[in-house]
K.L.:
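Here it is, the structure in full.
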Number of protein chains: 2
Amino acid sequence: MARHKGHITIHDIAQSLQVSASTVSRALKNDKRISEATRKKVKQFAAENGYRLNVVASNLRKQRTETIGVIVPRIDRHFLATIISSIELHAHNHGYSVVITQSRESSDDEEKAVLTMFNQRVDGLLISTSLETKGEHNFDLFIKNNIPLVFFDRVPDDINLNRVVTNDRASSYKVTSRLLQNGHKKIYFVNGPTSILVFRNRLKGFKEALNDRGLEWNEQMYTECDLTLYSGRKIAEDILNRGDMPDAVYCSNDTTALCFLQVAQERGMSVPEDFSLHGFSDEPFSAVLTPKLSTVKQPGEEMGQIAVERLLELIDKKDLPPKTFVIPSVIKSRESDL
Amino acid sequence: MARHKGHITIHDIAQSLQVSASTVSRALKNDKRISEATRKKVKQFAAENGYRLNVVASNLRKQRTETIGVIVPRIDRHFLATIISSIELHAHNHGYSVVITQSRESSDDEEKAVLTMFNQRVDGLLISTSLETKGEHNFDLFIKNNIPLVFFDRVPDDINLNRVVTNDRASSYKVTSRLLQNGHKKIYFVNGPTSILVFRNRLKGFKEALNDRGLEWNEQMYTECDLTLYSGRKIAEDILNRGDMPDAVYCSNDTTALCFLQVAQERGMSVPEDFSLHGFSDEPFSAVLTPKLSTVKQPGEEMGQIAVERLLELIDKKDLPPKTFVIPSVIKSRESDL
DNA sequence: TTGTAAGCGTTATCAC
DNA sequence: GTGATAACGCTTACAA
C-alpha cells in the first residue's frame, strides 16, 4: 500500500461534491436510498478522478476479506496446478481473491502458513496436506475458531471434516480387476506412502480386487515408493532384476510407471509384451509415451470447483454438517496394459 | 474475516494486564523501549490467550500490505507453474504474501485483475501478459501511480519497464546454427504468434543464423502456430504432406514439436532419420518422448526469483531506473535432431 | 434522501 | 518506559 498514499478517498469526493462521506459510500454501492441524481454525480466524479475503493479499509470495517487461502504441497505439480487453476477461476467468479502458499511437503511450513492465513483473516481455507502432516492438528486454529475449512485431494481420515476427494479405492479396484481379467496373475503393486489416505485407499481397492477373484495378497508383490524419480528407478531396477518377473506392474503414480518403462527399455524388454504396465494420475507425459501409458485421470477441475463452492457455502451459512464429496476418476486405458 | 469476531485484540490484552494498548503493541513487536519484564508478560499472555495480529488493521494503519499480486495467463501451464512456485517461495522468504489471478489470455480479464489488485492495495505487481494484450495500457493504473511493476516472460517491448526475460534470440540462433552445422539446409520454422515479443525474438535469432551462413530467409519455410494442439496438428499434416520435405523442423514450442512427431509416426516416418526435430520450452513430456526431444529449457525458477527480488527492491527504494534482466536458457540436445 | 458519529484493530506521534 | 490520542478509509446504525 506504500505509495498508494495521497490517493483519493471518499472524503475527498464528499468534500468536492459538498455531500457527506456516507452518501458517497452509498452512492458508489448504488444504494437505492440515494437519489438517482446524486448517485450519478458521485460515480462520475469518482470515475473522472480515478477513485478506487480501498479494500483494506473496507475489509477491516466489514470484518470479512472476501479472500480465501489455499495451502498446497507444491504449485508446480500438474494435478495441483490444475486444481489451483480451477479454484482461482471459481473463486473469482464469486468475487473472492485467492492467496496461495506452498507447504513444500513440510508439516511445519504448513502450520506456519495456517497461522499467516489466520492473521490475514481469510474467510476460509482450502488445503491439500503435506506428506508429513499427521491428523488435523495443524488446522486447529481454524477448526477451534469455526472458520470454514475444506480439504481436497490429500485429506485427513476424519469424516467430521469437509473434504473433496476422488474414488481412489474404486478406481484402484477397477484397474486391478482389468489387469486380472486380461489374464495377469502376478501383479506387482508399487504404491505411494500409506501415511497418505489416497494411497491407503488405492491399496484397499487393489486387495479387494484380488480377494474377489480368490487370489491372495502377497507381501512380496508390494512396495511403497516416495514418489521421487530416484526411488522409482531403484524399485524398478530391483523388481525387473528378479528371477520371477511380474506379469503386470501397477503403479500408484505415473512417474513411477515411467521409471519402470525406462528401466525396461534399457534392458531391452518391451511393454506390454514382457509385462503390462498401469499408472495412476494421468500426467501430461503419459499419453505421449511409447507405448501410451494406461492410467487413471483424476478430476482436478471439478475437485477445485466443488471445493470452492463448498467453502463459499460454509462461509455463507455458518453451521452446515461436515460432508465429503467424492468425484469419480476415469480410467484411461491406452497401450501399456494389453 | 467473518467469524473471526470476538477474537482477542490488543485492547483486551491491555485491559487484562492493566497497561495501554500501545504498550501491548510495542511489546509484541519487541520494541526496546518497553521493559523486558512487560514484554515477557505481554507475550506470554498473548500466547496463552491465542492472540493473533489482525493484519488487515495493521495494513490499513501502515499503508502497506506486504502482499504482491501475480497475474498470469494460466496457472496450469508447466513453465508458469514453475515460475509461480518460485515467486511464492521467494516472496514468503521475504515476508510477503502472494495473491494470484489468471487472465486466461484475455486482455479484458487482465485489466480487471489489475484494477482488483490495485483496490487490494498490493505493494507491487508481477505480470506475464495475455496473448491479447497490446502494449502496457492495461497497467496504466500502476504505472501512473508509480506502484512497482515487474513483467516476466511475456513482456511489453518497452525498455522503460522492469522486465525479466530469457535470451530467446540467442537461444534461437544457437538452435538454428546447430541444425545448419549438422548439414540441414531446408529448415522449417514453426513459430508462435509474433504479436508476442518472445516469438519475435526467436524469429530474429532464426533469421540471423541463416544470414550468417549465407542462406536466405524463405517465406515458404515459415508458419505461425497459435500454440494449440489443434493448430499444431494441422500445420504438421500440411507440411509433412508436401512434396519437398524439410530436412529439419524447428518449433518454437514443444507442444507443436510433439504434433510433428506424432504425425510423422502415424505416416511411418521416423525422427531424426527422416527429418530432425527441435522444440522450445522443455515440457515435462519432452525428455520422455521416443525419440527424446531436443529443446530449450527456460530458467523458470531463476526468473521467478529475480522478478520477486527486483519487485521488492522497487518497493523498498522508490525510484530506481527501469531494468531488463536477461536470464539465459539452456539448450537441451537430446535425440530428435541428430 | 442525506448526515452524524462511532468503530473496525492497529500503529505513530507526542507527551509525561 | 509507558500512556493518550489520533488516524488509516471505510461502513452502518441511528438521526434528521
Side-chain angles (χ1 to χ4, degrees), chain A residues 1-43 46 49-67 118-123 145, chain B residues 1-43 46 49-67 118-123 145:
Chain A
M1 207 140 79
R3 301 201 249 153
H4 292 244
K5 281 182 203 261
H7 199 76
I8 177 180
T9 74
I10 51 171
H11 292 101
D12 301 322
I13 302 182
Q15 195 162 24
S16 300
L17 261 32
Q18 298 286 42
V19 293
S20 75
S22 26
T23 299
V24 175
S25 174
R26 289 179 185 125
L28 290 171
K29 307 229 134 48
N30 241 323
D31 191 314
K32 315 288 177 198
R33 291 175 305 179
I34 304 298
S35 74
E36 182 67 33
T38 316
R39 269 187 277 166
K40 207 176 140 190
K41 190 174 61 174
V42 169
K43 284 195 263 187
N49 293 274
Y51 169 78
R52 300 255 107 224
L53 173 70
N54 185 327
V55 171
V56 180
S58 174
N59 286 344
L60 176 60
R61 176 59 235 243
K62 290 195 302 189
Q63 296 288 90
R64 58 204 321 268
T65 55
E66 265 142 36
T67 294
F118 186 94
N119 287 4
Q120 300 196 113
R121 303 304 196 258
V122 296
D123 289 340
N145 283 282
Chain B
M1 207 142 79
R3 301 201 248 153
H4 291 244
K5 282 181 204 268
H7 198 77
I8 178 181
T9 75
I10 51 171
H11 291 103
D12 300 323
I13 301 182
Q15 195 162 24
S16 300
L17 260 32
Q18 298 287 45
V19 294
S20 75
S22 13
T23 298
V24 175
S25 176
R26 289 179 185 125
L28 290 171
K29 307 228 133 47
N30 242 322
D31 191 313
K32 314 289 176 198
R33 293 175 304 181
I34 303 297
S35 74
E36 182 68 33
T38 316
R39 271 187 275 163
K40 204 175 144 189
K41 189 174 63 175
V42 170
K43 284 195 264 187
N49 293 275
Y51 168 78
R52 299 255 107 223
L53 173 69
N54 185 327
V55 170
V56 179
S58 175
N59 286 345
L60 175 61
R61 178 59 236 243
K62 290 194 302 187
Q63 296 288 89
R64 58 204 323 267
T65 55
E66 265 144 37
T67 294
F118 186 94
N119 287 3
Q120 299 196 116
R121 302 304 195 261
V122 295
D123 289 340
N145 284 283

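Per chain, numbering begins at 1; letters A, B, ... match sequence-line order. Quick note: numbers below take in every heavy atom, side chains included, and nothing from hydrogens, waters or symmetry partners.
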K.L.:
Please determine, for the side chain of B/Ser35, which listed nucleotide (D/dT2, C/dT4, C/dT1) has the closest atom?
P.N.:
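Per side-chain heavy atoms of B/Ser35, the pick is D/dT2.
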
K.L.:
Looking only at side-chain N and O atoms, does A/Ser22 come under 4.0 Å of OP1 or OP2 in C/dG3?
P.N.:
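The answer is no; no side-chain N or O of A/Ser22 sits under 4.0 Å from OP1 or OP2.
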
K.L.:
Please state whether the phosphate of C/dT11, meaning OP1 or OP2, lies under 4.0 angstrom from any side-chain nitrogen or oxygen of B/Lys29.
P.N.:
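For C/dT11, OP1 or OP2 has a side-chain N or O of B/Lys29 closer than 4.0 Å.
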
K.L.:
On DNA chain D, nearest-nucleotide positions of A/Ile10 versus A/Arg33: which is more 5'?
P.N.:
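It is A/Ile10, whose closest nucleotide lies nearer the 5' terminus.
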
K.L.:
Rounded to whole Å, please give me the gap between CD in B/Gln15 and C1' in D/dA4.
P.N.:
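About 16 Å, once rounded to whole Å.
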
K.L.:
Please state how far atom CD in A/Gln120 lies from atom P in C/dC8, giving the value in whole angstrom units.
P.N.:
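Atom-to-atom, A/Gln120 to C/dC8, this comes out as 22 Å.
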
K.L.:
Between B/Asp31 and B/Arg33, is there a salt bridge with N-O shorter than 4.0 Å?
P.N.:
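The answer is yes: the pair qualifies as a salt bridge.
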
K.L.:
Using side-chain hydrogen bond (donor to acceptor under 3.5 Å, both in side chains), reason through B/Arg64 and B/Asn59 one step at a time and then give a plain yes or no.
P.N.:
CA-CA 5 Å; B/Arg64 58 204 323 267; B/Asn59 286 345; over 6 Å; no

K.L.:
If you measure from CD1 on B/Ile13 to CD1 on B/Ile10, what distance do you get to the nearest 0.5 Å?
P.N.:
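Going from CD1 on B/Ile13 over to CD1 on B/Ile10, the span is 8.0 Å.
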
K.L.:
Kindly indicate whether the side chain of A/Leu53, heavy atoms from C-beta on, has any atom under 4.5 Å from the side chain of A/Leu28.
P.N.:
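A/Leu53 does not reach A/Leu28 side chain to side chain.
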
K.L.:
Side chain of A/His11: nearest nucleotide among D/dT12, C/dG3, D/dC10?
P.N.:
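It is D/dC10.
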
K.L.:
How many Å lie between CD1 on A/Ile34 and C1' on D/dT12, as a whole number?
P.N.:
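One finds 12 Å between C1' of D/dT12 and CD1 of A/Ile34, rounded.
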
K.L.:
Among the nucleotides D/dC8, D/dG1, D/dA13, which one has an atom lying closest to any side-chain atom of B/Gln63?
P.N.:
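Selected nucleotide: D/dC8.
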
K.L.:
Round to the nearest Å and state the distance from B/Asn54 atom CG to C/dG7 atom P.
P.N.:
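About 17 Å, once rounded to whole Å.
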
K.L.:
So, does B/Thr23 get its side chain near the phosphate of D/dT2, meaning an N or O under 4.0 Å from OP1 or OP2?
P.N.:
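The answer is no; no side-chain N or O of B/Thr23 sits under 4.0 Å from OP1 or OP2.
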
K.L.:
Checking all strands, does A/Thr9 fall into the base, sugar-phosphate, or nothing category for heavy-atom contacts under 4.0 angstrom?
P.N.:
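Result for A/Thr9 = sugar-phosphate.
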
K.L.:
For the side chain of A/Leu60, counting heavy atoms from C-beta on, which of D/dG9, C/dG3, D/dA6 is nearest?
P.N.:
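So the nucleotide nearest the side chain must be D/dG9.
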
K.L.:
Once rounded to the nearest 0.5 Å, what's the spacing between atom OG of A/Ser16 and atom NZ of A/Lys41?
P.N.:
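Going from OG on A/Ser16 over to NZ on A/Lys41, the span is 11.0 Å.
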
K.L.:
In whole Å, what is the span from the CG atom of B/Leu28 to the P atom of C/dT11?
P.N.:
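It works out to 8 Å between those atoms.
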
K.L.:
Whole-Å distance between D/dC10 P and A/Asp31 CG?
P.N.:
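Distance, rounded to whole Å: 16 Å.
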
K.L.:
At under 4.0 Å, does any side-chain N or O of B/Ser58 touch on OP1 or OP2 of C/dT11?
P.N.:
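Yes, such a contact exists.
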
K.L.:
Give A/Val19 one of three labels, base, sugar-phosphate or nothing, depending on what nucleic acid heavy atoms sit under 4.0 Å from its own.
P.N.:
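Sugar-phosphate, backbone atoms only, no base.
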
K.L.:
Mind calculating the distance between CD (A/Gln18) and C1' (C/dG3) to the nearest angstrom?
P.N.:
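My rounded result for the distance is 13 Å.
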
K.L.:
Restricting to non-hydrogen atoms, name the atom on A/Leu60 and the atom on B/Leu60 that form the minimum distance, rounded to 0.1 Å.
P.N.:
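Looks like CD2-CD2, 3.5 Å.
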
K.L.:
Expressed as a whole number of angstroms, how long is the span from A/Lys41:NZ to C/dT2:C1'?
P.N.:
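Taking NZ of A/Lys41 and C1' of C/dT2, I get 11 Å after rounding.
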
K.L.:
Between D/dC10, D/dT12, C/dT11, spot the one nearest the side chain of B/Leu53, thanks.
P.N.:
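Nearest nucleotide to the side chain: C/dT11.
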
K.L.:
What nucleotide, of C/dG9, D/dA4, C/dT4, holds the atom closest to the side chain of A/Arg26?
P.N.:
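Nearest to the side chain of A/Arg26 among the choices is C/dT4.
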
